[in-house]
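Accompanying notes for the structure given below.
For reference, positions follow the sequence shown, starting with 1. Just so you know, these numbers use all the heavy atoms, side chains as well, and skip hydrogens, waters and symmetry mates.
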Amino acid sequence: EARDYLVMVAPLSILTGINYALAVRRYGGGLSRLLNALTPLVFLFGVGVAAFFWFPPLTDFIAGFRWERPLDYALEMPYRVQGGVLGVLLAVVALAMMLRKAKLPVWANLLLVIAGVMVFWWSIAAPYRALHDDKRAAGEMIRSALPETVGGRIPLYKYNISDLYAEFYYAGIRGQVIDSYSELPQDEEPVYLLSSEFPQYPRREWSRLLPPDSAYRGRRLYLVRGDPVQSDDSDGWWF
């Protein structure tokens, strides 16, 4: 569990600070010269990120190369605003650090270089992956097969599936994990279930909401609706 690692944050922070101090004391001069040499590249990096979104000739030139996926997101306004703002801020900070006469600490230059990498990731690389991610496609497939009422008051139950959190996020629905079919509600309302196998639970009549051959990342997906089966009060058996 991720929360189990929280107890390690404090000791790891102390160890990081100690090792940083030792590294700067021994290699501070060389690190400072290296990072100072990278600062102009970070400035150009910021300018390039902003120009990618706001200078159409550059966008068209980059899009002319053979890409596995189209660069359509570069024309969408939310990504243009994000990329433009982050690129300009990065370029301004890098320029201010280059023009500063006083010597900057190693951590400041290192932070600038790391910021340059993160700006590229969140402005260009992450949207490139996210817009055409199979997780988004799977979420949209699940959402389109469900009624609009599912996701708010009515959850989508998951059985024998321990992941798909990102897919549920893209679908905009609330998921609830169950370990047994007996955990399903016993009322008269229909339930919706996502499983890796067709449910064998006779107290509900199950109907598929996805094609029989639906699969995701090498495993079958069964998205089904379970309607309650009426019981015969005379003998107490379920049909």
Check your understanding: Does Leu111 share a hydrophobic cluster with Val42, counting links as ILVMFWY side-chain heavy atoms below 4.5 Å and allowing steps through other members?
Key -> yes
Practice item. Taking side chain to side chain donor-acceptor pair (under 3.5 Å) as the test, write out the residues that go with Ser214, two or more places apart. Key: none
Exercise for review: Mind listing the closest non-hydrogen atom pair of Asn160 and Ser195 along with its distance?
Suggested key: CB-OG, 4.4 Å
Point to revise | Shortest non-hydrogen separation from Gly28 to Val106 and the atoms involved | key: O-CG2, 4.1 Å
Check your understanding: Taking C-beta and beyond as the side chain, do Met98 and Pro40 meet within less than 4.5 Å on heavy atoms?
Key -> yes
Practice item. Considering only Ile, Leu, Val, Met, Phe, Trp and Tyr, and joining two whenever side-chain heavy atoms are under 4.5 Å apart, list the other residues clustered with Leu15. Key: none
Check your understanding: For the atom pair OH (Tyr222) and CZ (Arg208), what is the distance rounded to the nearest 0.5 Å?
Key -> 5.5 Å
Point to revise | For Tyr170 against Gly139, the heavy-atom pair lying closest together | key: CB-CA, 4.3 Å
Check your understanding: Is there side-chain contact between Leu209 and Val224, with at least one heavy-atom pair below 4.5 Å?
Key -> no
Exercise for review: Can you measure from CG (Leu86) to OG (Ser123) and round to the nearest 0.5 angstrom?
Suggested key: 4.5 Å
Review point. Considering all heavy atoms of both residues, which atom of Ile173 and which atom of Arg143 are nearest to each other, and what is their separation?
Key: CG2-NH1, 3.0 Å
Check your understanding: For Ala74, does its backbone N or O pair with a side-chain atom of Glu76 as donor and acceptor, under 3.5 Å?
Key -> no
Check your understanding: With Ser144, which residues qualify under side chain to side chain donor-acceptor pair (under 3.5 Å), at least two apart?
Key -> none
Practice item. Please list all pairs passing the ring pair (Phe, Tyr, Trp, His ring centres under 6.0 Å) test where one or both residues lie in residues 174-210, with sequence neighbours left out. Key: Tyr159-Tyr181, Tyr181-Tyr201
Review point. Do you know which of Ile114, Val49, Val85 makes side-chain contact (heavy atoms from CB on, under 4.5 Å) with Val119?
Key: Val49
Check your understanding: Transitively linked via ILVMFWY side-chain contacts under 4.5 Å: Val177 with Leu146?
Key -> no
Review point. Roughly how far, to the nearest 0.5 Å, is CD of Glu189 from CG of Leu184?
Key: 13.5 Å
Practice item. Among residues two or more places apart or on two chains, list those pairs meeting salt bridge (charged side-chain N to carboxylate O under 4.0 Å, His left out) that have a residue in residues 164-185. Key: none
Exercise for review: Name all pairs fulfilling the ring pair (Phe, Tyr, Trp, His ring centres under 6.0 Å) condition that reach into residues 7-48, sequence neighbours left out, sorted by first residue then second.
Suggested key: Phe45-Phe120
Practice item. Sequence neighbours left out, what passes salt bridge (charged side-chain N to carboxylate O under 4.0 Å, His left out) with Arg219? Give chain and number order. Key: Asp163
Point to revise | Contact summary for Val47 and Ala91, nearest pair of heavy atoms | key: CG2-CB, 3.9 Å
Point to revise | Euclidean distance, Arg220 CZ relative to Leu210 CG, rounded to 0.5 Å | key: 11.0 Å
Check your understanding: Heavy-atom distance under 4.5 Å between the side chains of Pro202 and Val229, does that happen here?
Key -> no
Check your understanding: Should Tyr169 and Met141 be counted in the same cluster of Ile, Leu, Val, Met, Phe, Trp and Tyr side chains packed under 4.5 Å apart?
Key -> no
Exercise for review: For Arg80 and Phe53, indicate whether the former's side chain and the latter's backbone hold a donor-acceptor pair under 3.5 Å.
Suggested key: yes
Review point. At what distance, to the nearest 0.5 angstrom, does OG of Ser207 lie from CG of Leu223?
Key: 9.5 Å
Review point. How long is the gap from CG on Leu104 to CG on Asn36, to the nearest 0.5 Å?
Key: 7.5 Å
Review point. In terms of hydrophobic clustering (I, L, V, M, F, W, Y; side-chain heavy atoms under 4.5 Å; direct or indirect links), are Leu110 and Met118 co-clustered?
Key: yes
Review point. Should side-chain heavy atoms under 4.5 Å link Ile, Leu, Val, Met, Phe, Trp and Tyr, which residues sit in the same cluster as Leu22?
Key: Ile14, Ile18
Check your understanding: Which atom pair, heavy atoms only, marks the closest approach of Leu193 to Leu156?
Key -> N-CD1, 3.8 Å
Point to revise | salt bridge (charged side-chain N to carboxylate O under 4.0 Å, His left out) contacts in which one or both residues fall within residues 24-36, not counting sequence neighbours | key: none
Check your understanding: Can any side-chain N or O of Trp121 pair as donor or acceptor with the backbone N or O of Ala126 at less than 3.5 Å?
Key -> no
Review point. With a 4.5 Å limit on heavy-atom distance, are the side chains of Asn109 and Leu31 in contact?
Key: no
**Study point:** Joint cluster assignment, Ile161 & Ile178, ILVMFWY side-chain distance < 4.5 Å
**Key:** no
Review point. Partners of Arg225 by salt bridge (charged side-chain N to carboxylate O under 4.0 Å, His left out), sequence neighbours excluded?
Key: Asp227
Check your understanding: Heavy-atom count around Glu205 CD within 6.0 Å, excluding the residue itself: above 12?
Key -> no
Practice item. For Glu148, look at atom CD and say whether over 12 heavy atoms of other residues, nucleotides or ligands are found less than 6.0 Å away. Key: no
Review point. In the hydrophobic cluster built from side-chain contacts under 4.5 Å, what are the other members alongside Met8?
Key: Val7, Leu12
Which pairs of donor and acceptor atoms, one on a side chain in residues 57-67, lie under 3.5 Å apart (sequence neighbours left out)?
from, atom 1, to, atom 2, distance (Å)
Thr59, OG1, Phe52, O, 2.3
Thr59, OG1, Phe55, O, 3.4
Trp67, NE1, Ile62, O, 2.7

Review point. Relative to Tyr165, does Lys158 satisfy both conditions: NZ or CZ under 6.0 angstrom from the six-membered ring centre, and within 45 degrees of the ring's axis?
Key: yes
Check your understanding: Is any side-chain heavy atom of Ser196 closer than 4.5 Å to a side-chain heavy atom of Leu221?
Key -> no
